[in-house]
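See below for the structure under consideration.
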Amino acid sequence: MRQLRISRKMITAVAAALAAVGVPGLWQSAALARSPSVLNWTRQHPAASPSARWFAPMAYDAATGTAVLFGGATQSRTFSDTWTWDGSTWAKRDPATHPSVRGYEALAYDAAARAVVLFGGLGGGRRLDDTWTWNGSTWTKQAPAAHPSVRNDASMAYDAATGTAVLFGGYGGKTDSALGDTWTWDGSTWTKQAPATSPPARYLASMAYDAATATIVMFGGINNDRRNFGDTWTWDGSTWTKQAPATHPTARADEALAYDAAARDVVLFGGTVRGPVKDTWTWGAG
């Protein structure tokens with residue numbers, strides 16, 4: 001019988017992270033720890049918070065029990081600050097070293113390394129190709145033997161089945177165009193994958209790890225002609241498979257995508273289809 005979901009700050013966040021690394025049973029235990037209640041959005045009023053911005057990625061750091069936000073941009077400036085959310089307040093962190101100003105970077109929690117990994121982005125008037133990891137107190141610039149080319153708006157998610165972060169596409173490279181390459185991060189280096197099949201080049205697609213099927217799910221994005229995709233692809237650790245669902249969301253980009261461990265499906269919301277949209281879809285057994 002399906003468990004009722006709860007939305008109680010750190011219990012929800014911790015449980016989601018546990019499910020992402022393949023232990024959904026612990027999600028259910030956490031869900032049962034509290035009685036069901038009416039679910040609502042609650043506006044928080046922390047004493048401190050990041051300034052207004054967009055295109056600032058955020059990832060949940062299960063090792064420290066905090067959400068980590070880095071950088072982002074406005075129309076007039078780009079940021080290089082690090083903030084953590086502990087369930088009730090934001091704390092600005094001041095590590096001795098940190099990535100340069102940027103937005104549009106890829107960010108994901110690497111459960112095997114117990115660190116948040118950041119790649120690339122757009123800042124200082126240029127695209128970037130550097131890799132950084134956050135261990136809960138400081139950023140460390142990594143020096144992998146190989147790495148993806150400069151890019152922004154790439155898709156990245158942690159694959160708990162293989163213990164690697166998976167990065168696909170983005171915009172940039174040597175030709176300043178949409179990219180269609182697949183890379184995996186194992187905690188120390190990037191490896192370019194050579195799957196038998198692969199999605200067409202794109203940027204601003206969304207990816208999430210589906211613990212129910214042990215695959216990465218990717219939807220949508222934009223091609224070089226600025227046309228949106230409406231296709232669904234899954235990554236099984238070695239190759240991409242184009243799915244053929246009977247129904248699917250309309251073509252779009254920059255949608256929100258996350259795994260719902262209680263319902264055991266992937267949830268998609270919104271995105272842009274010649275303007276913002278507000279529909280909700282789930283990917284799963286149905």
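Because the structure is a prediction, the values reported are computed rather than measured. Both backbone and side-chain heavy atoms feed into the values below; hydrogens, waters and symmetry mates do not.
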Is there a side-chain contact between T280 and V267, using heavy atoms and a 4.5 Å cut-off? yes

Apply the test side-chain contact (heavy atoms from CB on, under 4.5 Å) to residues L257 and V266: give CA-CA distance (whole Å), side-chain angles for both, the deciding distance (0.1 Å), then the verdict. CA-CA 7 Å; L257 201 70; V266 173; 3.6 Å; yes

Look up atom OG in S51 and atom NZ in K92, then write down how far apart they are to the nearest 0.5 Å. 8.0 Å

With under 30° as parallel and over 60° as perpendicular, where do the rings of W83 and W90 fit, or are they tilted in between? perpendicular

Check whether any side-chain heavy atom of N152 sits under 4.5 Å from a side-chain heavy atom of E105, and report yes or no. no

Out of D129, L107, D130, which residue meets the side-chain contact (heavy atoms from CB on, under 4.5 Å) rule with F119? D129

May I ask you to decide if S149's main-chain N or O and R151's side chain share a donor-acceptor pair within less than 3.5 Å? yes

Between CG on residue L204 and CZ on residue F229, distance to nearest 0.5 Å: 12.0 Å

Check the pair K192, D181 against side-chain contact (heavy atoms from CB on, under 4.5 Å), reporting the backbone distance first and the verdict last. CA-CA 8 Å; K192 187 175 183 179; D181 46 352; 4.0 Å; yes

Can you name the closest pair of heavy atoms from G71 and A56 and give their distance? O-CB, 3.2 Å

Run through F70, F79, Y104 and flag the one making a ring pair (Phe, Tyr, Trp, His ring centres under 6.0 Å) with F55. Y104

Nearest-0.5 Å distance, OG1 of residue T250 to CG of residue N228: 8.5 Å

Which distance, rounded to the nearest 0.5 Å, do you find between the CZ of F269 and the CG of D279? 7.5 Å

Within the side chain of Y171, is there an N or O that forms a donor-acceptor pair under 3.5 Å with the backbone of A154? no

Is any side-chain heavy atom of L179 less than 4.5 Å from a side-chain heavy atom of Y203? no

Shared hydrophobic cluster, V116 / W132 (ILVMFWY, side-chain heavy atoms < 4.5 Å): yes

Could you walk me through whether D61 and R114 satisfy the salt bridge (Lys or Arg N to Asp or Glu O under 4.0 Å) test, starting with their C-alpha distance in whole Å, then the side-chain angles of each, then the deciding distance to 0.1 Å, before giving a yes or no? CA-CA 8 Å; D61 181 354; R114 295 173 60 82; over 6 Å; no

Residues P99 and S80: closest non-hydrogen pair is O-CB, 3.7 Å

Decide side-chain contact (heavy atoms from CB on, under 4.5 Å) for D260 and T282; before the verdict, give the C-alpha distance in whole Å, the side-chain angles of both, and the deciding distance to 0.1 Å. CA-CA 9 Å; D260 179 345; T282 56; over 6 Å; no

Provide the closest heavy-atom pair for A256 versus S206 in the form atom of the first, atom of the second, distance. N-OG, 4.5 Å

For A253 versus I222, what's the shortest heavy-atom pair and its separation? CB-CG1, 3.3 Å

So, does N224 use its side chain to make a donor-acceptor pair with the main chain of A178 at under 3.5 Å? yes

Shortest non-hydrogen contact from G103 toward T78: N-CG2, 3.8 Å

Are any of the side-chain heavy atoms of W85 and P46 separated by less than 4.5 Å? yes

May I ask you to test the R252-L268 pair for a side-chain heavy-atom distance under 4.5 Å? yes

Any sub-3.5 Å donor-acceptor pair from R102's side-chain atoms to G120's backbone N or O? yes

T189 to A145 - nearest heavy-atom pair and separation: OG1-N, 3.5 Å

Can a donor-acceptor pair be found, under 3.5 Å and without considering hydrogens, that links the side chain of S155 to the backbone of A205? yes

Test your reading of the model: is there a side-chain donor-acceptor pair from N223 to the backbone of A201, 3.5 Å cut-off? no

Salt bridge or not for D231 and R202, using N-O below 4.0 Å? yes

Would you say that S88 contacts Q44 through its side chain, given a criterion of any heavy-atom pair below 4.5 Å between the two side chains? no

F219/E255 under side-chain contact (heavy atoms from CB on, under 4.5 Å): CA gap, chis, key distance, verdict: CA-CA 8 Å; F219 184 85; E255 63 276 8; 3.5 Å; yes

Would a distance-only check, ignoring hydrogens and angles, find a side-chain to backbone donor-acceptor pair under 3.5 Å from Y158 to A112? yes

For R127 and D153, what are the C-alpha separation, side-chain angles and deciding distance, and is it a salt bridge (Lys or Arg N to Asp or Glu O under 4.0 Å)? CA-CA 10 Å; R127 294 186 176 90; D153 295 325; over 6 Å; no

Hydrophobic cluster membership, Y259 vs W283, 4.5 Å side-chain cutoff: yes

Indicate the ring-plane relationship of W240 and F168, choosing parallel, tilted or perpendicular according to the 30° and 60° boundaries. perpendicular

Tell me, do S188 and Q142 make a side-chain contact under 4.5 Å, heavy atoms counted? no

Within the structure provided, determine whether L128 and L122 are in side-chain contact (heavy-atom separation under 4.5 Å). no

Please determine whether the number of non-hydrogen atoms from other residues, nucleotides or ligands lying under 6.0 Å from atom CZ of R53 exceeds 12. yes

Going through the distances and angles, do T234 and D236 end up as a side chain to side chain donor-acceptor pair (under 3.5 Å)? CA-CA 7 Å; T234 55; D236 66 2; over 6 Å; no

